[in-house]
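Just below is one structure, and these are the notes that go with it.
Letters A, B, ... mirror the listed sequences (proteins, then strands); counts begin at 1. Remember, it's a predicted structure, so these values are computed and weren't measured experimentally.
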2 protein chains.
Amino acid sequence: MLSREHYDEASRLQIFSGCRPETVAMLLEGAFLHKFPEGIDLAKEGELPDFLHVVVSGGVELYSRYRDRETTIEVIGPPNVFIAAAVVLDRPHLKSARVIQPARILMLPAASVRKALLEDAAFAARIAVELATAYRAATKDLKNQKLRTGLERLANWLTRRDSETGSTHRIVIPFDKKVLAAQLGMAPENLSRNFATLARFGVKVKGARIEIGDPVALENLAKPDPLIDDPSS
Amino acid sequence: MLSREHYDEASRLQIFSGCRPETVAMLLEGAFLHKFPEGIDLAKEGELPDFLHVVVSGGVELYSRYRDRETTIEVIGPPNVFIAAAVVLDRPHLKSARVIQPARILMLPAASVRKALLEDAAFAARIAVELATAYRAATKDLKNQKLRTGLERLANWLTRRDSETGSTHRIVIPFDKKVLAAQLGMAPENLSRNFATLARFGVKVKGARIEIGDPVALENLAKPDPLIDDPSS
DNA sequence: CGTGAGGTTGAGATCCTTCAACAGATGTGG
DNA sequence: CCACATCTGTTGAAGGATCTCAACCTCACG
């Protein structure tokens, strides 16, 4: 049960914009707004979803295992929703979710979400927008994986991250390098080697801090494509 | 404008089930139901979507280019919808679409779809289900790409295709091998070599016809995972 | 100071791509 | 009916990309 304060905060989230007040009330009825420390698992692949999760603050890593391998599918921050597809279809999670930066998470009961979907077109449309966005992000990642080499993916990650954080040409990797490696689809050792290769293009790495010495050279190598790299397209 | 006959056929499509008759009428108002021969491009990446497309029969390949490379993202048949995400968000296509088996396509005006989304919760919910399914398919493909080798992807494609077509242990590849290679994320030459490798596991290839001589051995190699390979999960 | 976790570097093996040549099937025009 | 062209797929050789295993390094922390 949410406090008055939390209720107000939650109801202002983008996911509820345009929805009927009754819909919001119903969704928040059995909702929780919890803080989670780093390392906690919020969902496990293969299990049925109990809640739709909204990241209010912090960071969450979505990852999957197969045989003895593991990969990161996505890292998400506020104000993003996750597990939406599993909730809508009432099917098992395809990905596990783990907190990688202390996070506040709003959890909406899955059954309420499915009910709201059929009762409030505005909410259904918002969920459709969320799903469409997530689908497009997955499509872009698929293109990134299939059409680029590891070095190109890294170069593009750097240019994109730089432009997202003010184009100061100074980046800080906000999580462990092995998470970045998995997200980019390469072994951690390979990430190191690719960083070493990028030194020739003016990229200096010191721990999690990265300086882009020659933005033009890097962008020339990366050859970013809006249909893969633009987060907003 | 649709004929009476086509109108009836179209209105029975799954995408309209549960929707209000007015919604269906509005959507079909400016709709087309066309036949397209093999090779025709139905959409081009980078362009804004004019129509939501529904495959009534035939096959459509969704593919993307980057630099001088090209890859197949997905091959879809009836009764699937495509370009839904671009239509919902009114953003450029991320993929091009090309007919690879003579197809009948129902085309719904994009503006009508977005209007219907806000007016009819049942339709919005159906679109959400379509998007959730497509998103999950993309997630599975991403896992397939990132967690498996080319040989494993091929082995799993064979076992999955076999079980989808009656488990007769005889498969026919329904399109060119180079399309299969691109879909599986490998060069055409590599597909040939991977087929040659699978001979050791009882797989016999003659043109587009494939015989699975030792299903157990193949499945043993493939190690299918419902969270990657089950089309219905 | 040891200890451990995260990261880097080196060496070898594997996976995969590219380029080139060739084979097989299909189709066309003479 | 044959010569030829074309398209698709196969095979070979070489090189590039990537992974694995192992050693080492660095730094924060008890």
* Indicate whether OP1 or OP2 belonging to dT17(C) is found under 4.0 Å from a side-chain N or O atom of N190(B). => yes

* **N-O pairing of R148(A) and D229(A) below 4.0 Å** => yes

* To do: Go through dC19(D), dG7(C), dC16(C) for me and flag the one nearest to the M186(A) side chain.
  => dC19(D)

* Whole angstrom value for the distance that separates P of dG6(C) from CG of L180(A) -> 15 Å

* To do: Calculate the interatomic distance between R148(B) atom CZ and dC19(D) atom P; express it in whole Å.
  => 17 Å

* To do: Pick base, sugar-phosphate or nothing for G207(A), based on heavy-atom distances below 4.0 Å to the nucleic acid.
  => nothing

* According to a strict under-4.0 Å criterion, is K178(B) in side-chain N/O contact with OP1 or OP2 of dG9(D)? -> no

* **Value in whole Å for how far the P atom of dG9(D) lies from CG of L191(B)** => 9 Å

* **Parallel, tilted or perpendicular: rings of F32(A) and F51(A) (30°, 60°)** => perpendicular

* Looking only at non-hydrogen atoms, find the nearest pair between I15(A) and E130(A) and report the distance. => CD1-CG, 3.7 Å

* Could you tell me the separation between the NZ atom of K146(A) and the P atom of dC16(C), rounded to a whole number of Å? => 13 Å

* **Of L151(A) and E189(A), the one whose closest DNA chain D nucleotide lies more 5'** => L151(A)

* Structure fact -> Between CD of Q145(B) and C1' of dT18(D) the distance, given in whole Å, is 15 Å

* In whole angstroms, how far is the P atom of dT18(D) from the CZ atom of R69(A)? -> 17 Å

* **Basic-acidic side-chain contact under 4.0 Å: R170(A), E211(A)** => yes

* Nearest-angstrom distance from the residue atom CG of L184(A) to P of dA17(D) -> 17 Å

* How many Å lie between CZ on R193(A) and P on dT18(D), as a whole number? -> 11 Å

